[in-house]
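Below is one structure, written out as structure tokens; the observations come after it.
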Amino acid sequence: MQRRTFANDFENLLVVSDSINKSKSDQAPHEWLPPLKSYWCEYGKRWEYIKNK
């Protein structure tokens with residue numbers, strides 16, 4: 001139930017291409033960053049927020 005809640009949390013959902021989704025898989029920011037460098041900081045902040053939530 002906890003995984004489903006996390007996976008369906010609106011704040012955790014982003015629209016991305018299939019290839020980006022596959023390349024990321026379940027990796028954390030220290031293992032994978034989005035290809036768009038200008039989004040790295042926002043991505044890290046969102047990741048930390050969701051993790052702490």
Side-chain angles (χ1 to χ4, degrees):
M1 182 66 170
Q2 192 175 19
R3 285 185 93 168
R4 180 179 293 165
T5 301
F6 173 78
N8 292 311
D9 184 338
F10 182 72
E11 293 181 307
N12 191 33
L13 299 176
L14 292 174
V15 177
V16 297
S17 70
D18 189 43
S19 62
I20 297 290
N21 191 41
K22 286 180 183 177
S23 73
K24 185 206 174 293
S25 186
D26 63 351
Q27 298 175 64
H30 71 279
E31 301 168 312
W32 182 91
L33 288 169
L36 186 60
K37 278 189 171 187
S38 62
Y39 187 67
W40 286 6
C41 187
E42 177 67 23
Y43 175 75
K45 288 177 186 177
R46 286 178 57 97
W47 189 89
E48 184 176 19
Y49 171 77
I50 295 297
K51 183 177 179 189
N52 291 329
K53 185 178 170 183

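Along the sequence shown, residues carry numbers from 1.
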Tell me, which pairs form a ring pair (Phe, Tyr, Trp, His ring centres under 6.0 Å) where one or both residues lie in residues 7-53, sequence neighbours left out?
-> Trp32-Tyr43
For residues 1-15, pull every pair meeting salt bridge (charged side-chain N to carboxylate O under 4.0 Å, His left out), keeping only residues two or more places apart or in separate chains.
-> Asp9-Lys53, Glu11-Lys53
Summary of salt bridge (charged side-chain N to carboxylate O under 4.0 Å, His left out) pairs that have at least one residue in residues 12-25, sequence neighbours excluded = Asp18-Lys22
Please, which pairs that meet salt bridge (charged side-chain N to carboxylate O under 4.0 Å, His left out) have at least one residue in residues 27-50, sequence neighbours excluded?
-> none
Partners of Asn21 by side chain to side chain contact (heavy atoms under 4.5 Å, CB included), sequence neighbours excluded?
-> Val16
Do Asn12 side-chain atoms and Phe6 backbone N/O form a donor-acceptor pair below 3.5 Å?
-> yes
Is Ile50 linked to Leu13 within one hydrophobic cluster, defined over Ile, Leu, Val, Met, Phe, Trp and Tyr using a side-chain heavy-atom separation of less than 4.5 Å?
-> no
Considering residues at least two apart in sequence or located in another chain, which fulfil the side chain to side chain contact (heavy atoms under 4.5 Å, CB included) criterion with Thr5?
-> Met1
Side chains of Ile20 and Pro34: closer than 4.5 Å at any heavy-atom pair?
-> no
Sequence neighbours excluded, the answer for side chain to side chain donor-acceptor pair (under 3.5 Å) partners of Ser38 is none
